[in-house]
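One structure is given here, and the rest of the page talks about it.
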Protein chains: 2
Amino acid sequence: MIPRHIPDACVERLSLYVRELAHLEEQRVGFVSSRHLAQHLGFTDAQVRRDLSYFGQFGTSGRGYEVSRLRTTLRDILGINGRVWNVALVGVGNLGSALLAYQGFRQRGLLFRVAVEANPRIIGRTIEGLTVSPAKQLGALARTHHIQIGIIAVPAEVAQRVCDQLVAGGVRAIVNFAPARVEAPPRVRVRNVDVAIELEMMAFYLSRSNGAAPPPAQGVEQER
Amino acid sequence: MIPRHIPDACVERLSLYVRELAHLEEQRVGFVSSRHLAQHLGFTDAQVRRDLSYFGQFGTSGRGYEVSRLRTTLRDILGINGRVWNVALVGVGNLGSALLAYQGFRQRGLLFRVAVEANPRIIGRTIEGLTVSPAKQLGALARTHHIQIGIIAVPAEVAQRVCDQLVAGGVRAIVNFAPARVEAPPRVRVRNVDVAIELEMMAFYLSRSNGAAPPPAQGVEQER
DNA sequence: CACTGTGAATGCATTCACAGCG
DNA sequence: CGCTGTGAATGCATTCACAGTG
């Protein structure tokens, strides 16, 4: 059940499949075809079949895929079945709080064990059942809690420093939400995610879809 | 200055170039080579040159690119130069607040004109200089403020409904952060962004990088 | 029949490699 | 020289199209 290499893009879709299958299971749907799955998620049926085929053969000709079995299988493949990942959150601002509050992680075995902050106003607070620790303790806490995944949700200026501390604390994967690239040694997997970019891409597409200037809003005031 | 088609992946990098060029400009760097730029951002030099070449020729052989000129040019291309986009935020929870607070948008001419919420506790509050309106008013507000871009930061269950209201309100692009896919007519550009997926991908990569089970944390307690 | 699983074909994106230029 | 700009080559990802199957 372990082929050599899986396209990155496919891995991204894997959790979407799992999510959709969970919905179908709730609705007591027994079987689902690649076409059906694809329509719900906005892909093509061929795409779905290809993705699944990387991992084996789970379908039945003429019937499709058994929902609950496929779901379990994909959860196994994703590494979130009957298993737990220890996650540390660095930066309990708005974005960090949003992540802490998202219940989807817990359902997928991604458990926040540690949350740290630099702001003394926030240290000591308990959010979602987790008490916020001082930023200085990050390295030590990461070690004692056997943190595997670190999330960076701090201002850009300190992102790299935080990253280094996470690496020193032994984490093996880092997701960085700060608008600045961070680097780590190759044994640590890093993913830089920039939510602002999506908005800027929209500006690009809009400004070329109609060449003309848009309605000038009410009085192009600049700054706040 | 308007070629036919630009790779999506290139557009994504465009704002990263702009950001890096802004840094360089602050540091009074006059010229930068594709190599230099690439190293800072984690791409290859060929990639940078290729990306820029889609839009024209901005470099000088032997010297590289003039930082401030390239920055201006790219901002023009991105559609964020001397121009303003009106943005509406739907959902002023933690994620929504994080987006409101991010100063990068304002610097790029992406201005929040409207913020709406369903939660009556939050309606009427002023956040980042913007007063939160009731969700019911979304359509009307979008129209009167000539909103071009809508951001969805609400629970998955209501995401599609919000999307429909934004469309009815005349927006032309939507960025959806809810963990559920939303659809709109083809004239409206939709981008579904799922921050949770990044974490789940990490679980996948980690679980296959070492086949073994991880340290069992301290007592695999489930749930909070 | 309705559907899967997959070679083969196509379409994107990245990288190579080098001619040409300041 | 050092560096750009770009054809040509390579490498991924998606889609086509269909033989095979319960």
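Each chain gets a letter, A, B and so on, in the order its sequence line appears, and its residues count up from 1.
- Contacts of residues 30-46 of chain A with DNA chain C (heavy atom under 4.0 Å): A:Ser33, A:Ser34.
- Listed here is the closest heavy atom pair of A:Leu166 and A:Ile152: CD1-CG1, 3.8 Å.
- Taking each heavy atom of A:Ile77 and B:Phe204 in turn, the nearest pair found is O-CD1, 3.2 Å.
- Contact detail for B:Phe112 and B:Leu99: the closest heavy-atom pair is CE1-O, 3.6 Å.
- Sorted by residue number, the members of residues 60-69 of chain B with any non-hydrogen atom under 4.0 Å from DNA chain D read B:Thr60, B:Ser61, B:Gly62, B:Arg63, B:Gly64, B:Tyr65.
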Please assess A:Leu52 against A:Thr73 for the test side chain to side chain contact (heavy atoms under 4.5 Å, CB included), listing each intermediate value before the final yes or no. CA-CA 10 Å; A:Leu52 299 181; A:Thr73 309; over 6 Å; no
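- Under the 4.5 Å side-chain criterion, counting only non-hydrogen atoms from C-beta, B:His40 is not in contact with B:His23.
- What separates CG of B:Asp51 from C1' of D:dG5 is a distance of 13 Å, to the nearest Å.
- Distance, B:Leu52 CG to D:dG5 P: 7 Å, rounded to whole Å.
- The distance between atom CD of A:Gln57 and atom P of D:dG22, rounded to the nearest whole Å, is 11 Å.
- A:Arg19 places a side-chain N or O within donor-acceptor distance of the main-chain N or O of B:Pro179, the cut-off being under 3.5 Å.
- Checking each of B:Glu26, B:Glu25, B:Glu66 against B:Arg71 for a salt bridge (Lys or Arg N to Asp or Glu O under 4.0 Å) leaves exactly one that passes, namely B:Glu25.
- Between the side chain of A:Asn192 and the backbone N or O of A:Val182, at least one donor-acceptor pair lies under 3.5 Å.
- For the residue pair A:Asn86 and A:His145, the shortest heavy atom distance occurs at ND2-O, 3.5 Å.
- Using modelled atom types, no side-chain atom of A:Glu20 and backbone atom of A:Val18 make a donor-acceptor pair closer than 3.5 Å.
- The outermost nucleotides of DNA chain C lying under 4.0 Å from heavy atoms of chain B, listed 5' to 3', are C:dA13 to C:dG22.
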